[in-house]
Novice: 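Please see the structure below; I have some questions.
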Amino acid sequence: MSYSVDIDRKWQKKWEETKLYKFNPDAEGKKLYCLEMFSYPSGANLHLGHWYNYSLTDSWSRMKRMQGYNVFHPMGFDSFGLPAENYAIKTGIHPKDSTLNNIATMEKQLREMGATYDWDYELATCMPEYYKWNQWFFIQLYNRGLAYRKNAPVNWCPKCQTVLANEQVVNGECERCGTEVVHKHMTQWFFKITDYAQELLDCLPQLDWPEKTKKIQTNWIGRSEGSQVAFYVEKDGKQLMNDDGTPVKLEVFTTRADTFMGVTYVVVAPESELCEKLTTAECKEAVDAYRAATSKVTDIDRMSTTREKTGVFTGSYAIHPLNGRKVPIWSADYVIAAYGTGVVMAVPSHDERDFEFATKFGLDIIRVVASEPGAEDELPYCEKKGVLVNSGEFDGLEMHDAIDAIVAKLNSMGMGEKKINYRLRDWLISRQRYWGTPIPMIHCPSCGVVPVPEKDLPVVLPYDVEFTPDGESPLAKCESFINCKCPKCGGDAKRDPDTMDTFVDSSWYQFRYADPKNSDAIFDSSVVNRMCPVDKYVGGAEHAAMHLLYARFFTKAMRDMGLVDFDEPFQSLVHQGVILGPDGQKMSKSRGNTVAPDDYISKYGSDVFRTYLAFGFAYIDGGPWSDGGLQSIVKFIGRVEKTVADVKDIASSSYDASSLTSDDKDLLYALNYAIKSATADIDRFQFNTSVARMMELLNAIGKYQQLPAAKPELLRYTVEKLVLLLSPFAPHFTEEQWEILGNEYSIFNQKWPEYDESALVKDTIEIAVQINGKVQFKVDIPTEADQAAVEEIVKADSRLDGALAGRNIVKFIYVKGRLANIVAK
RNA sequence: GGCCCCGUAGCAGAAUCUGGCAUAUGCACUGCACUAAGGAUGCAGGGUUUGCGGGUUCGAAUCCCGCCGGGGCUACCA
């Protein structure tokens with residue numbers, strides 16, 4: 001029976017019956033946790049991206065397994081989220097029903113891929129057994145002050161009808177649907193990821209992650225070293241005081257404290273609460289109008305640097321702590337409430353934005369930094385070098401020294417200090433949607449916010465809910481859900497109506513896999529500490545600043561709670577590339593350039609498809625699909641099959657190593673070279689070159705087969721090794737060939753081939769002879785020859801005189817095993 | 001605007017980390033064998049001033065500088 005989808009079925013059945021892929025945590029071998037980002041269970045069959053991600057990670061795992069590792073390779077479903085809910089709104093099919101159906105379909109398809117998953121470790125985040133622990137962990141965070149509620153300007157997606165985290169807003173648009181987000185003030189739950197900002201940064205260098213991804217996280221966290229300085233405020237001719245009688249200090253963050261003496265005004269973000277506080281009665285009308293206008297400007301417009309600056313005077317003044325100058329406080333939308341303190345000191349002489357603003361509104365511009373003493377640089381002068389002028393006691397100081405001196409002086413007055421600011425904001429996790437984990441909090445009129453007691457978890461997501469979005473949380477409209485008793489006082493209370501961002505689900509699933517059925521705890525720490533962190537994590541690069549950052553935060557919080565004893569969830573990370581349509585464009589239904597895996601699999605079998613995915617692309621780059629490339633695998637698999645048929649009746653595969661001809665040695669060289677290279681290439685996810693080495697080996701076997709003196713045992717030996725090398729990519733096919741060869745089940749219980757270094761050492765090698773770097777001719781030399789010996793051989797060569805063409809040899813360089821270069825003049 | 005990555009036969013893609021015979025492997029192409037023919041299969045073959053310019057070096061696809069082209073991240077971040 002030649003290879004087809006029937007062979008796939010035959011072996012899938014046998015693997016299942018013999019429980020070949022059952023994971024035993026106590027088995028021998030070093031533990032190796034290999035994980036792909038789990039997938040959202042959509043209604044359609046597995047698409048090409050799934051196959052590319054899952055089948056090749058499976059190939060990697062298979063090799064590792066054969067190398068003796070105890071490989072843990074689980075699979076599950078990220079099954080809460082908007083698509084199921086939107087689908088339900090369209091079709092009337094409840095998200096729970098469609099999701100469970102889809103999971104069943106995907107499971108079936110994943111089984112047909114022939115992957116090594118142990119389904120006993122499966123998990124689905126929409127099951128109460130899973131999300132109970134989201135709720136439990138939420139309460140742990142709350143108890144430690146890492147989950148809190150605040151009223152803040154938030155991003156609202158009008159189409160998804162929910163708030164979004166900062167990470168989920170891309171260029172002012174909703175990451176999911178591309179709708180422009182608007183700002184709203186709402187009271188929402190946040191996770192305090194900013195507490196870990198510095199550690200999230202510090203641990204990046206030690207991770208075996210793509211540099212690009214680490215860079216994205218570094219940028220996202222956005223550490224900025226500067227100073228926080230303060231101004232007192234004068235409103236209506238008097239110093240502005242706090243409710244407690246202390247004077248109000250207007251704090252600003254700056255990286256340019258050296259320009260402090262050049263401050264001529266201060267700007268407060270219009271959407272910040274401070275703005276309201278600072279506005280005088282006379283200016284109230286104008287400021288309110290400005291604030292209203294600002295709230296209508298979209299983020300996209302507001303972020304545009306070409307837009308003309310706008311702003312309005314608040315009526316109050318800031319008092320400069322060093323020179324006592326009274327400078328006006330303006331409100332302008334070029335200052336953002338959420339970054340730093342939402343207030344900036346304006347130095348128009350040395351900042352382009354402030355210069356533009358000051359010019360437009362006729363505010364003072366005072367030069368305080370000069371490129372050289374006495375220089376009259378054109379303003380604004382924004383170079384970060386120079387000396388101070390017009391700055392009183394600080395005149396003449398180099399700017400970096402000036403920062404230190406000015407901050408020291410302010411510090412002595414209690415008006416400033418060095419400060420590190422981060423761009424990272426806390427993670428907003430409330431969502432005004434239905435299909436997610438209910439937030440386990442109760443709002444009591446007399447006790448305030450009260451966590452649901454642990455014994456009452458999970459707070460089950462009710463089934464019968466009107467979830468068509470209208471801007472209000474669907475759960476709020478479900479009477480049986482929302483009304484409850486306060487756990488503290490027993491009085492009437494209401495549950496929190498929101499559900500959690502689904503990124504909460506995926507921030508810790510990698511640990512739950514190790515202990516997925518635990519009903520007493522989120523997981524057994526001793527089990528997780530043994531199995532985790534994940535050794536190899538594979539998934540798309542689009543999660544760099546979301547999932548991958550959140551999961552790192554959860555891990556650190558769990559460590560600090562004593563749940564785990566390591567710092568990072570994913571030691572090594574690989575991003576697969578994207579497979580494009582045959583036309584080189586992104587695949588899409590509207591372009592009509594999609595490739596449906598099922599068509600190919602039913603026609604050629606899963607292994608042809610898998611092996612082509614390995615061979616046809618640089619894994620991390622992806623690239624255009626090619627039917628021609630797939631045909632080359634059909635051909636290759638056919639040739640291997642034919643070669644196995646040729647050697648299957650040869651009784652033995654042990655050859656006599658003491659009587660090898662040079663042809664035998666050439667074949668062994670090809671074999672050992674293939675083993676060495678293919679192994680290294682699979683290891684580093686360079687599957688395309690690994691298959692190429694196997695093709696070379698097959699070509700070498702073909703040549704050897706033609707020789708009259710070919711040794712049958714050696715031939716069979718080599719073919720068996722080739723079948724083993726191919727087994728991670730073509731598991732069903734090679735299992736079949738292994739059986740045809742009369743070997744014992746299963747090929748996946750065999751040891752991975754190891755190469756023999758001595759077979760890779762040839763007696764003589766061919767090297768190139770260069771003159772001034774240009775290749776002239778080639779000579780054979782003994783492998784161990786030294787420079788003097790090679791020089792002698794080359795100088796004796798009859799072709800040398802012609803190549804020299806009358807020039808004299810100045811120098812002779814021999815690079816061992818590579819080439820000889822003659823410097824000639 | 002700032003930071004980062006990439007550019008190798010007609011195509012995909014190795015070799016770049018660690019400078020050393022430029023292109024492994026496959027597709028496409030050409031020829032031969034098999035065939036009544038076509039297809040399938042097998043065998044053989046051609047093809048590159050490594051985006052451009054400069055530098056370092058005995059030697060540069062590889063390291064350094066500038067430019068051109070493509071992509072990514074980030075962005076009134078104070």
Side-chain angles (χ1 to χ4, degrees), chain A residues 170-171 210-220 222-224 226-227 252-257 259 266-267 269 302-307 309 332-336 338-347 350-354 356-357 421-423 541-542 544-545 580 582 584 612 615-618 621-636 638-639 642 673 677 681 686 688-699 702-703 706 766-779 810-825:
Chain A
V170 180
N171 284 328
E211 287 305 319
K212 201 175 64 178
T213 307
K214 294 202 241 183
K215 187 83 188 172
I216 290 171
Q217 292 212 348
T218 304
N219 289 342
W220 190 260
R223 180 188 154 106
S224 171
S227 321
V252 310
F253 177 76
T254 179
T255 55
R256 292 296 306 271
T259 63
V266 167
V267 189
R302 191 162 163 182
M303 285 187 305
S304 162
T305 45
T306 53
R307 187 167 148 265
K309 300 254 177 306
D333 69 3
Y334 79 92
V335 173
I336 294 170
Y339 185 77
T341 61
V343 188
V344 305
M345 60 178 222
V347 185
H350 305 290
D351 182 284
E352 282 180 32
R353 297 156 299 182
D354 298 342
E356 192 193 330
F357 191 85
N421 196 45
Y422 300 90
R423 210 184 64 100
E542 66 277 13
L580 307 170
Y612 171 59
F615 176 67
F617 312 87
D621 293 340
W625 175 269
S626 153
D627 274 338
L630 184 117
Q631 286 305 324
S632 73
I633 299 296
V634 174
K635 210 154 89 177
F636 173 63
R639 287 177 66 196
K642 193 181 153 296
Y673 178 72
S677 311
D681 289 348
Q686 200 169 296
N688 53 346
T689 50
S690 147
V691 176
R693 298 291 86 80
M694 295 178 207
M695 289 172 164
E696 281 173 346
L697 176 57
L698 181 63
N699 289 341
K703 283 211 174 69
Q706 304 306 313
E766 187 189 56
I767 61 157
V769 178
Q770 298 181 333
I771 292 176
N772 295 336
K774 296 269 183 298
V775 177
Q776 303 293 330
F777 55 90
K778 295 182 181 181
V779 292
V810 177
K811 198 174 172 187
F812 188 93
I813 299 157
Y814 172 55
V815 184
K816 189 154 192 275
R818 300 270 190 186
L819 50 63
N821 187 25
I822 295 166
V823 185
K825 269 186 188 157

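Computed from a predicted model, the values in this text were never measured in an experiment. Below, chain A is the first sequence line, B the second, and so on; all start at residue 1.
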Novice: Considering just the side-chain nitrogens and oxygens of R423(A), establish if one lies under 4.0 Å of OP1 or OP2 belonging to rA75(B).
Specialist: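 Yes, within the criterion.
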Novice: For E211(A), report the nucleic acid contact type (base, sugar-phosphate, nothing); a contact means any heavy atom under 4.0 Å.
Specialist: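 No contact.
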Novice: Please report the distance separating the P of rU8(B) from the corresponding atom of rG70(B), rounded so that it comes out in whole Å.
Specialist: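 That atom pair is separated by 14 Å.
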Novice: Name the nucleic acid region contacted by I822(A), choosing base, sugar-phosphate or nothing; use a 4.0 angstrom heavy-atom cut-off, strictly under.
Specialist: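 The answer is nothing, as I822(A) stays clear of every strand by at least 4.0 Å.
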Novice: Between K215(A) and N421(A), who's closer to the 5' end of RNA chain B by nearest nucleotide?
Specialist: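 Its nearest nucleotide being more 5', the pick is K215(A).
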Novice: Sticking with atom P, work out how far rU74(B) lies from rG66(B), rounded to a whole angstrom.
Specialist: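 Between the two P atoms, the distance is 25 Å.
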Novice: Say we look at rC27(B) and rC64(B): how far apart would their P atoms be, to the nearest angstrom?
Specialist: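 These two P atoms come out 36 Å apart once rounded.
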Novice: Within the modelled atom types, does a donor on one side and an acceptor on the other bring the side chain of K309(A) and the base of rC76(B) under 3.5 Å apart?
Specialist: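 In this structure, the two groups form a donor-acceptor pair.
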Novice: Does D681(A) reach a base, just sugar-phosphate, or nothing at all? Heavy atoms under 4.0 Å.
Specialist: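 Here D681(A) touches no strand at all.
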Novice: Assign V343(A) to base, sugar-phosphate, or nothing according to its heavy-atom contacts below 4.0 angstrom with the strands shown.
Specialist: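 It contacts nothing in the nucleic acid.
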Novice: To the nearest 0.5 Å, tell me how far D351(A) CG sits from R256(A) CZ.
Specialist: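 D351(A) CG to R256(A) CZ: 8.5 Å, rounded to 0.5 Å.
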Novice: In whole Å, what separates the P atom of rC11(B) from that of rG55(B)?
Specialist: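 Between the two P atoms, the distance is 30 Å.
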Novice: With the side chain of V775(A) defined as its heavy atoms from C-beta on, choose the nearest nucleotide among rC21(B), rA78(B), rU74(B).
Specialist: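 Within the option list, the nearest is rC21(B).
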Novice: Give me the distance, rounded to whole Å, that separates rG72(B) from rC32(B) when you measure between the P atoms they each carry.
Specialist: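 Their P atoms lie roughly 48 Å apart.
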Novice: With the side chain of N219(A) defined as its heavy atoms from C-beta on, choose the nearest nucleotide among rU25(B), rC73(B), rA44(B).
Specialist: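 Looking only at side-chain atoms, N219(A) lies closest to rC73(B).
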Novice: Under 4.0 Å between a side-chain N/O of Y339(A) and OP1 or OP2 of rA78(B), yes or no?
Specialist: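 Yes, Y339(A) has a side-chain N/O under 4.0 Å of OP1/OP2 on rA78(B).
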Novice: Considering only the P atoms, how many Å lie between rC5(B) and rU62(B), rounded to the nearest integer?
Specialist: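 Each nucleotide's P atom is 15 Å from the other's.
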Novice: Does D354(A) or R693(A) map to a spot on RNA chain B nearer the 5' end, using the closest nucleotide for each?
Specialist: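 Here R693(A) is the residue nearer the 5' end.
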Novice: Touch check for V344(A), heavy atoms < 4.0 angstrom, all strands: base, sugar-phosphate only, or nothing?
Specialist: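 Base contact - V344(A) has a heavy atom under 4.0 Å of at least one base atom.
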Novice: Could you tell me whether G616(A) contacts a base, only the sugar-phosphate backbone, or nothing, with contacts defined as non-hydrogen atoms closer than 4.0 Å?
Specialist: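 Contact class for G616(A): sugar-phosphate only.
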Novice: Indicate whether OP1 or OP2 belonging to rG42(B) is found under 4.0 Å from a side-chain N or O atom of R639(A).
Specialist: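 Result: yes.
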Novice: Are K309(A) and F357(A) in a cation-pi setup, meaning NZ or CZ lies under 6.0 angstrom from the ring centre and within 45 degrees of the ring axis?
Specialist: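 K309(A) over F357(A) ring: no.
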Novice: Using the C1' atom as the reference point in each nucleotide, state the distance between rC4(B) and rA44(B) in Å, no decimals.
Specialist: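 Roughly 46 Å separates the two C1' atoms.
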Novice: Classify V815(A) by what it touches in the nucleic acid, base, sugar-phosphate, or nothing, heavy-atom distance under 4.0 Å.
Specialist: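 The answer is base, as V815(A) lies within the cut-off (heavy atoms under 4.0 Å) of a base atom.
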Novice: Counting heavy atoms from C-beta on, name the nucleotide in rC21(B), rC76(B), rU41(B) closest to the side chain of K635(A).
Specialist: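 Closest nucleotide to the K635(A) side chain: rU41(B).
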Novice: What distance, rounded to whole Å, do you find between the two P atoms, one in rA14(B) and one in rG54(B)?
Specialist: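 Between the two P atoms, the distance is 29 Å.
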Novice: Choosing from rC77(B), rC76(B), rC58(B), which nucleotide comes nearest the side chain of I813(A)?
Specialist: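 Out of rC77(B), rC76(B), rC58(B), the nucleotide with an atom closest to I813(A)'s side chain is rC58(B).
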Novice: So which nucleotide from rG26(B), rC76(B), rA14(B) ends up closest to the side chain of F615(A)?
Specialist: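 Shortest atom-to-atom distance from the side chain points to rG26(B).
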Novice: Respond yes when some side-chain nitrogen or oxygen of R353(A) is under 4.0 Å from OP1 or OP2 of rC77(B), and no when none is.
Specialist: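 Result: yes.
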Novice: Can you list the residues that meet the side chain to side chain donor-acceptor pair (under 3.5 Å) rule with Y422(A), with sequence neighbours excluded?
Specialist: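 Listed in chain order: Q198(A).
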Novice: What nucleotide among rC76(B), rG13(B), rG26(B) has an atom nearest to a side-chain atom of S632(A)?
Specialist: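 The answer is rG26(B), which lies nearest to the side chain.
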Novice: Counting only side-chain nitrogens and oxygens, does Q686(A) get under 4.0 Å of the OP1 or OP2 atom of rU16(B)?
Specialist: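 No.
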Novice: Looking at every strand, decide which applies to N821(A) at a 4.0 Å heavy-atom threshold: base, sugar-phosphate, or nothing.
Specialist: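 Base contact.
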Novice: Using only atom types and a distance under 3.5 Å, with no angle test, would you say the side chain of N421(A) pairs donor to acceptor with the backbone of S224(A)?
Specialist: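 No: the side chain of N421(A) does not pair with the backbone of S224(A).
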Novice: Can you tell me how far the CZ atom of R818(A) sits from the CD1 atom of I767(A), to the nearest 0.5 Å?
Specialist: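 Result: 12.0 Å between the selected atoms.
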